[in-house]
Amino acid sequence: MVAGLKGILPVLPTPFLANGSVDEAGMSRLVQFALEQGVDGVVFPGFASEVENLDANERARLLKIVVTTVADRVPVVAGASAADWRDVVAHGRIAADLGIRYLMVQPPKSVGTDAPALIEFLRKIVEALPEVEIILQNAPAPRGSDLSPQAIVEIIEALPQVAYVKEETLPAGPAISHIIAHAPKTLKGVIGGGGARYILDEYARGATAAMPALEIAGEHVAIDRALVAGRRDEARNIYVRTLPLLVLQAVYRMRLTKHVLVRRGVIDGVGVRAPTPDLDAAAIADIDGNLVELGLLSAEAA
């Protein structure tokens with residue numbers, strides 16, 4: 001298995017059957033699609049997976065499918081956020097039993113934003129799960145806590161097992177710069193979020209990975225490879241071409257992701273459980289037009 005986390009690590013969506021149940025065969029196809037696009041790892045479950053709308057059994061079954069399909073070819077990051085640290089540990093033990101060493105945790109808003117309370121919450125988790133490395137997720141309000149970069153630095157200093165930070169507050173750039181400038185050497189990397197809408201700035205400030213959605217993973221991989229090789233103009237050209245679709249993705253979220261993946265022949269249905277705006281005919285035409293311009297859909301199929 002590749003050591004460490006770097007590059008493009010998409011958050012996998014959860015496919016559903018027409019009757020509303022999870023599509024296990026579709027989950028395996030999503031992982032295979034991600035691997036074919038050259039991703040450097042996969043993440044499940046996360047916000048883009050509709051994690052809040054999955055029960056514990058569904059989460060465990062789908063995570064096992066992810067691990068089985070990946071077959072040690074790239075790292076798997078398991079989302080384990082919960083309101084109670086005991087539930088985080090329970091999710092983490094399921095992941096660890098599957099051989100997953102990376103656990104992504106967003107401290108609940110109930111813990112607050114002061115470093116001592118956050119450290120105490122996370123300390124219980126790392127003491128119960130000494131075999132995993134923690135990716136501290138810092139999501140923006142209202143879903144996340146908008147932790148200050150200094151609080152994050154203090155957490156990393158106190159808990160070396162917190163080895164990565166997924167920084168996606170707005171704007172993420174200054175926070176990434178502060179964390180990288182002040183964090184101890186135990187920090188292995190900062191990962192960008194926000195659907196890769198800010199990836200050029202994130203990488204310019206020292207981020208070495210991104211966790212976008214899955215629908216245009218190949219383009220995100222191409223951006224990463226160009227940036228790592230120092231071909232910034234090439235990366236920017238690809239980024240500019242993807243930006244109209246990413247702007248729409250910020251609004252329609254997993255509905256757009258699943259629509260694109262259906263168009264690309266990966267999954268069969270666009271059903272979602274999470275409350276998201278519907279795609280009307282005009283929105284679909286706009287999305288499909290962007291896919292045509294990216295060369296991911298023929299004009300005849302749009």
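Since this is a predicted model, take the numbers as computed values, not measurements. Basis for what follows: all heavy atoms, side chains included, without hydrogens, waters or symmetry-related copies. In this chain, residues are counted from 1 in sequence order.
Contact annotation: the side chain of Ile100 approaches that of Leu63 to within less than 4.5 Å [non-hydrogen atoms, C-beta and beyond]. Side-chain contact between Leu200 and Leu227 is present, with heavy atoms from C-beta onward closer than 4.5 Å. Annotation: side chain of Ile287 is in contact with side chain of Leu245 (closest heavy-atom distance under 4.5 Å). Taking 4.5 Å as the limit, every side-chain heavy atom of Val11 sits out of range of all side-chain heavy atoms of Phe47.
Listed by chain and residue number, nothing satisfies the side chain to side chain donor-acceptor pair (under 3.5 Å) test with Glu127 (two or more places apart in sequence, or in another chain). Listed by chain and number, the residues in a side chain to side chain donor-acceptor pair (under 3.5 Å) with Tyr203 are Asp224 (sequence neighbours excluded). Legend: residues meeting salt bridge (charged side-chain N to carboxylate O under 4.0 Å, His left out) with Glu133, ordered by chain and number and at least two apart, are Arg101, Lys188. The salt bridge (charged side-chain N to carboxylate O under 4.0 Å, His left out) test applied to Arg264 returns no partner, not counting sequence neighbours. The ring-ring contact (aromatic ring centres under 6.0 Å, His included) test applied to His259 returns no partner, not counting sequence neighbours. Take Glu234 and apply the salt bridge (charged side-chain N to carboxylate O under 4.0 Å, His left out) test, not counting sequence neighbours, and it matches Arg231. Qualifying side chain to side chain donor-acceptor pair (under 3.5 Å) partners for Thr69, counting only residues two or more places apart in sequence or in other chains: Ser28.
Open room surrounds CG on Asp233; 12 or fewer heavy atoms of other groups in view lie less than 6.0 Å from it.
Between Leu243 atom CG and Asn290 atom CG the span is 9.5 Å, to the nearest 0.5 Å. Going from atom CG of Leu136 over to atom CD1 of Ile191 covers 10.5 Å, rounded to the nearest 0.5 Å.
Side-chain contacts under 4.5 Å among hydrophobic residues (ILVMFWY), followed directly or transitively, place Met254 together with Val272. Grouped by direct or indirect side-chain proximity (heavy atoms under 4.5 Å, Ile/Leu/Val/Met/Phe/Trp/Tyr only), Tyr198 sits with Leu170.
Within the structure, the salt bridge (Lys or Arg N to Asp or Glu O under 4.0 Å) test picks out the following pairs touching residues 83-95 (sequence neighbours left out): Asp84-Arg86. Contacts classified as side-chain hydrogen bond (donor to acceptor under 3.5 Å, both in side chains) and involving residues 51-68 (residues at least two apart or in different chains) are given here: Glu24-Arg61, Glu52-Arg143, Glu58-Arg273, Arg59-His91. Note on residues 285-302: pairs passing salt bridge (Lys or Arg N to Asp or Glu O under 4.0 Å), not counting sequence neighbours, are Arg263-Asp288.
With hydrogens and angles left out, the side-chain atoms of Arg255 and Thr276 include a donor and acceptor closer than 3.5 Å.
Of the charged side-chain nitrogens involved, at least one lies within less than 4.0 Å of a carboxylate oxygen, so that Lys258 and Glu50 count as a salt-bridged pair.
Between Leu5 and Pro75, the shortest heavy-atom contact is CD2-CB, 3.8 Å.
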